[in-house]
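Along the sequence shown, the residues carry numbers beginning at 1. Remember, it's 1-based here, ligands and their atoms both numbered in the order they're listed.
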Amino acid sequence: MVIKNAEFIVSVADPAKLPDLGAPEIAFAGKSNVGKSSFINFLTGNGKLARTSGDPGRTRLVNFFGVNNGKLVFVDLPGYGFAKVSKSEKAKWGSMIEGYLTGSKNLKNVFVLLDVRHEPTSDDKMLLNFLYHYNIPFTVIATKCDKLSRAQLMKRRREIANAIGVGADNVYMVSALKKTGKEEVLERIDSVIPDVIPE
Ligand SMILES: Nc1nc2c(ncn2[C@@H]2O[C@H](COP(=O)(O)OP(=O)(O)O)[C@@H](O)[C@H]2O)c(=O)[nH]1
Ligand SMILES: [Mg+2]
């Protein structure tokens with residue numbers, strides 16, 4: 001697919017009040033600071049769509065973005081695993097993420113972002129187990145690939161795939177900084193929502 005435009009639609013603080021926008025949703029999940037906002041901006045070509053960096057722990061809202069005049073929806077889930085928050089804050093984040101994942105009527109696939117340099121954390125594994133348990137399809141995306149050499153990247157791709165129990169081909173390698181990996185991810189979107197041609 002080609003992404004022609006993307007715009008912010010709504011933020012939700014209460015998982016009981018999820019909007020039904022009547023279009024397929026792709027959700028983006030990952031540890032805070034993994035590069036989720038940067039990747040959404042890169043993918044949509046809108047540098048200001050999702051806010052980047054600054055205050056990693058802050059955003060515990062679920063943000064909905066309409067792509068190509070709302071034919072497709074990107075859902076930015078709260079970043080998890082931010083160390084400097086209380087247990088009750090962490091629990092709120094968890095229930096937002098889980099509330100969305102189990103409550104959305106339109107969710108087609110979860111893009112799970114992992115920093116290419118690091119092993120999946122216990123929070124990452126919890127999320128992946130949750131997705132397996134609820135039978136929610138997902139895609140693994142390794143971010144910040146500009147940080148490693150080509151040889152290191154190939155090694156890390158296999159290691160991440162092994163840690164998660166998928167084939168190496170199923171780990172998408174991206175860099176928002178160097179603007180690489182976008183075409184493969186757009187093709188992946190086509191294959192996870194084959195019934196929609198979001199032109
Ligand atoms: N080198 C590099 N840094 C990145 C990349 N994507 C994001 N970052 C940096 O990582 C930090 C967190 O990015 P952000 O998109 O806000 O992460 P989020 O918390 O997951 O939304 C910022 O300092 C970004 O500039 C990337 O592809 N390469
Ligand atoms: Mg962010």
Side-chain angles (χ1 to χ4, degrees), residues 3 6-13 15 25-67 73-85 89-90 92-94 96-101 109-128 130-131 138-157 159-160 164 171-186 188-189:
I3 294 182
E7 59 179 4
F8 172 76
I9 300 178
V10 68
S11 291
V12 175
E25 291 169 2
I26 292 182
F28 295 76
K31 188 173 161 15
S32 69
N33 229 33
V34 71
K36 189 157 54 70
S37 298
S38 303
F39 181 62
I40 292 172
N41 291 347
F42 165 46
L43 201 57
T44 57
N46 183 341
K48 290 180 199 151
L49 193 64
R51 271 195 286 160
T52 55
S53 194
D55 201 349
R58 272 285 175 78
T59 38
R60 66 168 145 77
L61 302 172
V62 177
N63 300 302
F64 292 78
F65 303 103
V67 174
V73 173
F74 283 173
V75 181
D76 186 13
L77 295 174
Y80 49 77
F82 188 57
K84 290 181 197 148
V85 298
E89 276 291 289
K90 280 183 186 167
K92 268 187 210 160
W93 279 338
M96 274 306 289
I97 295 169
E98 293 178 8
Y100 169 77
L101 293 174
N109 202 279
V110 181
F111 285 9
V112 178
L113 275 58
L114 301 172
D115 187 315
V116 73
R117 297 166 294 174
H118 305 141
E119 281 306 285
T121 65
S122 56
D123 289 317
D124 293 327
K125 287 184 177 159
M126 222 189 323
L127 172 66
L128 290 162
F130 187 89
L131 297 173
F138 64 86
T139 302
V140 177
I141 297 184
T143 62
K144 308 194 186 184
C145 286
D146 54 277
K147 295 269 192 187
L148 299 178
S149 71
R150 243 186 118 75
Q152 285 172 315
L153 283 177
M154 286 170 66
K155 181 164 175 277
R156 287 299 301 144
R157 190 180 198 179
E159 286 168 355
I160 291 170
I164 290 163
V171 179
Y172 289 76
M173 309 293 277
V174 306
S175 164
L177 187 78
K178 288 277 167 68
K179 303 199 182 301
T180 57
K182 180 171 167 172
E183 284 312 311
E184 292 82 354
V185 172
L186 291 173
R188 175 66 177 165
I189 293 175

### Message
Run Val67 and Val73 through side-chain contact (heavy atoms from CB on, under 4.5 Å) and show every step you take.
### Response
CA-CA 6 Å; Val67 174; Val73 173; over 6 Å; no
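- The N/O atoms of Ser32, backbone and side chain alike, include none that comes under 3.5 Å of an N/O atom in ligand 1.
- Donor-acceptor pairing under 3.5 Å is recorded for the side chains of Thr121 and Asp124.
- With salt bridges taken as basic N to acidic carboxylate O contacts below 4.0 Å, none links Lys125 and Glu119.
- Remark: among candidates Ala50, Ser38, Gly181, Ala176, the nearest residue to atom 7 (C) of ligand 1 is Ser38, based on non-hydrogen atoms.
- Contacts between Asp146 and ligand 1 below 4.0 angstrom, taking non-hydrogen atoms only, involve the side chain exclusively.
- Not a single heavy atom of Gly79 sits less than 4.0 Å from an atom of ligand 1.
- For an aromatic pair to be called close, the ring centres must be under 6.0 Å apart, and Phe111 with Phe138 fails this.
- Ligand 1 has no nitrogen or oxygen under 3.5 angstrom from a nitrogen or oxygen of Arg51.
- Nearest approach of Asn63 to Ser11, heavy atoms of both residues: OD1-OG, 2.5 Å.
- In summary, no N, O or S atom of Asn33 is located under 2.8 Å from the Mg ion (ligand 2).
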### Task
Run the numbers on Leu113 and Phe39 for side-chain contact (heavy atoms from CB on, under 4.5 Å), then give the verdict.
CA-CA 9 Å; Leu113 275 58; Phe39 181 62; 4.1 Å; yes
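- Counting heavy atoms only, Lys144 comes closest to atom 4 (C) of ligand 1 of the residues Lys36, Lys144, Arg117.
- Set against the non-hydrogen atoms of Val34, the atoms of ligand 1 under 4.0 Å away are 20 (O).
- When every heavy atom of Val34 is checked against every heavy atom of Thr143, the shortest pair comes out as O-OG1, 2.7 Å.
- Not a single heavy atom of Thr143 lies less than 4.0 angstrom from ligand 1.
- Atoms of ligand 1 found under 4.0 Å from any heavy atom of Gly35 (numbered from 1 in listed order, with element): 7 (C), 13 (O), 14 (P), 15 (O), 17 (O), 18 (P), 20 (O).
- The shortest N/O to N/O separation between Phe39 and ligand 1 does not fall below 3.5 Å.
- Contact detail for Asp115 and Lys144: the closest heavy-atom pair is OD2-CD, 3.7 Å.
- The two residues Thr139 and Arg188 have their closest heavy-atom pair at OG1-NE, 2.8 Å.
- Applying the 4.0 Å criterion to heavy atoms of Ser175 picks out, from ligand 1, the atoms 27 (O).
- Contacts of Lys147 with ligand 1, taken as heavy-atom pairs under 4.0 Å, involve the side chain alone.
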